[in-house]
Amino acid sequence: MADPKGFMTTPRREWPRRPVEERVRDWDEVYVPGALLPIINKQADRCMDCGIPFCHEACPLGNLIPEWNDLVSRDDWRQAADRLHATNNFPEFTGRLCPAPCEAGCVLAINQPAVTIKNVEVAIADRAWELGFAPPRPPDRLSGRTVAVIGSGPTGLAAAQQLTRAGHTVAVYEKDDRLGGLMRYGIPEFKMEKHHLDRRLEQMRAEGTKFRTSTAVGRDIGAADLRARYDAVVVATGATAWRELPVPGRELAGIQQAMEYLPLSNRVREGDLESSPMSAAGKHVVIVGGGDTGADCLGTAVREGAASVTQLDIYAQPGAERDEDAEPWPTYPKIYRLSAAHEEARDLETAPAADADARLFAASTLRFTGDESGHVRSLHLVEVDAARRALPGTGRTLPADLVLLALGFSGPDREDGLVDQLGLSMEPRGTITRDAGFATNVPGVFAAGDAARGQSLIVWAIAEGRAVAAAVDRYLTGSSQLPAPIGPYDRPMTV
């Protein structure tokens, strides 16, 4: 630890965001370019180099956080990049998209603001690319074994990279026309510009990974045929079966799933469309769902020029501080957090009737009503208690020309036929069944990521990809030197 008193003398400073009025006029990342590097050494100095670093346990990847904090504080970017990449294939993704459970587990967070671990991570990742510390790492020799990875989200890409580097010949099958899964079409550009993804994909191509886009396994190619062509198959299709809202009026036009809406705005950024056919421009928008996907819809609608945007969260508004009885350190607490999109909505006053920023808390949708043409015009809601029981006299109506449902996902979408053609066993909750070694009931077929775990964080997705790669490598060769940071039944720390 470079400065033993750093945590006592240096206050927490985060990567500053660009002014709201500036950033909502473009789709660039929200942070001030170049503003992180001048402050990050001192922020890394705040790490206490704990004897028992709980940040390791809070992160499923097992990132070596105190080690690379110390290296960054000393300006040793090469060694910091090596230690970071030792546990994380894609730190430039997690440093931008992960909600940082590691910071909730920081020992300093017991009674002070945590170390800015996420900012240090992204600084290392970006410097590694700038300084040439992330070259392709093709294998020294090939094993002669072949693996098909279905899905190019963070789980599929992590598994493919690990298996390619182990010497296996890997092909990634992606049903969309571009690679990246939800990172490509579900994450807005203002959260992660797509050149970060493209750069990593080029690295993987240089290492030898093959990619097959616009190929839905089960529809464009038979799943059983694919299994017969490869020595092993990894199913990493994600959890794309979205949850519905079965209330009166759901059939009205203008009520869309978030993942019908967000990909169109991303396709505009890719140059496929001049404008989104679901654009929020000039419309009163209501987002049903209080999670990150809802916040992504919020930031997108603001940039498209919505007349108003309100986000409904069925949970009560959390407090600003951790509830030590209900969610003690080092668990990840439910506290009031102000994302970039919520900050924008607050400052621009997109929802004057909201409880905070653009959100209405403890709000449950009762029904939708529309006009004579069958288009939604209003959303009717009621306040609820902690048991989600309606509170009498709290009903209200919001204008709604566009309603976006961001209610999460239950498991893999089965419309392509992949699950049924392979004959995969399924859990009652809609995810793929697997054993302690990530193997499904079909020999040689493994399942990882949200398709088997259920909807989770990007750090869990990458950890699953690394762990399933070790399991496949062991299946193909009898042993493996690849790291397996988690097991299929591991879960985040809870009370």
Side-chain angles (χ1 to χ4, degrees), residues 99 242-252 254-258 261 280 283-302 306-327 332-371 375-410 455 494-495:
W242 49 60
R243 294 191 177 99
E244 261 298 343
L245 183 62
V247 299
R250 171 62 183 90
E251 74 284 354
L252 292 168
I255 303 174
Q256 309 290 158
Q257 288 284 348
Y261 170 73
K283 298 176 182 177
H284 296 289
V285 180
V286 181
I287 302 160
V288 183
D292 289 342
T293 301
D296 293 344
C297 292
L298 173 63
T300 299
V302 166
S308 70
V309 194
T310 306
Q311 184 179 8
L312 307 186
D313 191 331
I314 201 166
Y315 295 102
Q317 181 173 347
E321 302 292 335
R322 180 197 293 271
D323 183 336
E324 291 293 349
D325 294 326
E327 298 171 312
Y332 188 74
K334 184 175 178 62
I335 61 175
Y336 176 73
R337 294 179 173 88
L338 192 69
S339 72
H342 291 119
E343 180 185 45
E344 293 157 7
R346 180 199 64 188
D347 290 1
L348 299 176
E349 298 181 345
T350 72
D355 298 323
D357 46 76
R359 286 173 280 191
L360 278 172
F361 290 94
S364 178
T365 304
L366 294 176
R367 68 186 187 278
F368 302 106
T369 53
D371 57 22
H375 197 285
V376 67
R377 292 302 177 208
S378 300
L379 181 149
H380 305 264
L381 62 89
V382 67
E383 292 181 27
V384 294
D385 61 16
R388 301 189 181 182
R389 294 172 299 207
L391 299 177
T394 61
R396 61 195 301 184
T397 300
L398 298 179
D401 306 313
L402 175 63
V403 176
L404 301 173
L405 305 181
L407 301 171
F409 307 89
S410 58
Q455 184 179 354
T494 58
V495 177

- Message: Enumerate the side chain to side chain donor-acceptor pair (under 3.5 Å) contacts for residues 292-301, please, sequence neighbours excluded, ordered by first and then second residue.
- Response: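 For residues 292-301: K191-D296.
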With sequence neighbours left out, write down each residue that passes side chain to side chain contact (heavy atoms under 4.5 Å, CB included) with [X], or none if nothing qualifies.
X: L391; result: E383, D385, T394
X: A345; result: L298, T350, A358
X: L366; result: V382

Close side-chain approach of [X] to [Y], heavy-atom, < 4.5 Å:
X: V302; Y: L348; result: yes
X: L405; Y: W242; result: no
X: R389; Y: V384; result: no
X: F368; Y: V286; result: no

- Query: salt bridge (Lys or Arg N to Asp or Glu O under 4.0 Å): which pairs involve residues 356-365, sequence neighbours left out?
  - Reply: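 Sorted result for residues 356-365: D357-R359.
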- Item | Results of side-chain hydrogen bond (donor to acceptor under 3.5 Å, both in side chains) for S339 - residues two or more places apart only |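 Testing S339 for side-chain hydrogen bond (donor to acceptor under 3.5 Å, both in side chains), a comparison that skips the adjacent residues, returns H342.
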- Identify, with sequence neighbours excluded, every residue that meets side-chain hydrogen bond (donor to acceptor under 3.5 Å, both in side chains) alongside Q455.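 Checked Q455 against side-chain hydrogen bond (donor to acceptor under 3.5 Å, both in side chains); zero matches.
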Rounded to the nearest 0.5 Å, what's the gap from [atom1] on [X] to [atom2] on [Y]? Could you check?
X: T369; Y: L252; atom1: OG1; atom2: CG; answer: 7.5 Å
X: R367; Y: S378; atom1: CZ; atom2: OG; answer: 9.5 Å
X: Q256; Y: C297; atom1: CD; atom2: SG; answer: 11.0 Å

- Message: Is the positively charged end of R346 above the ring of Y336, judged by distance under 6.0 angstrom from the centroid and angle within 45° of the axis?
- Response: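 No cation-pi geometry.
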- Message: Apply side-chain contact (heavy atoms from CB on, under 4.5 Å) to residues L381 and L312 and explain how you reach the verdict.
- Response: CA-CA 9 Å; L381 62 89; L312 307 186; 3.9 Å; yes
Kindly give the heavy-atom pair with the smallest separation between [X] and [Y], and that separation in Å.
X: E244; Y: P246; value: O-CD, 3.6 Å
X: Y261; Y: A280; value: OH-CB, 3.9 Å
X: I287; Y: V309; value: CD1-CG1, 3.7 Å

Pairing residues for [X] by the salt bridge (Lys or Arg N to Asp or Glu O under 4.0 Å) criterion, not counting sequence neighbours:
X: D313; value: none
X: R243; value: none
X: E349; value: none

- Task: Check the pair T310, V285 against side-chain contact (heavy atoms from CB on, under 4.5 Å), reporting the backbone distance first and the verdict last.
- Result: CA-CA 6 Å; T310 306; V285 180; over 6 Å; no
Donor-acceptor list for residues 395-402 side chains, cut-off 3.5 Å, not counting sequence neighbours:
residue	atom	partner	partner atom	Å
T397	OG1	H380	ND1	3.0
D401	OD1	R377	NH1	3.1
D401	OD2	H284	N	3.0

What side-chain donor-acceptor pairs closer than 3.5 Å can you find for residues 314-322, not counting sequence neighbours?
residue	atom	partner	partner atom	Å
Y315	OH	R388	NH2	3.1
R322	NH1	E327	O	3.1
R322	NH1	P328	O	3.4
R322	NH1	T331	O	2.7
R322	NH2	A104	O	3.2
R322	NH2	T331	O	3.4

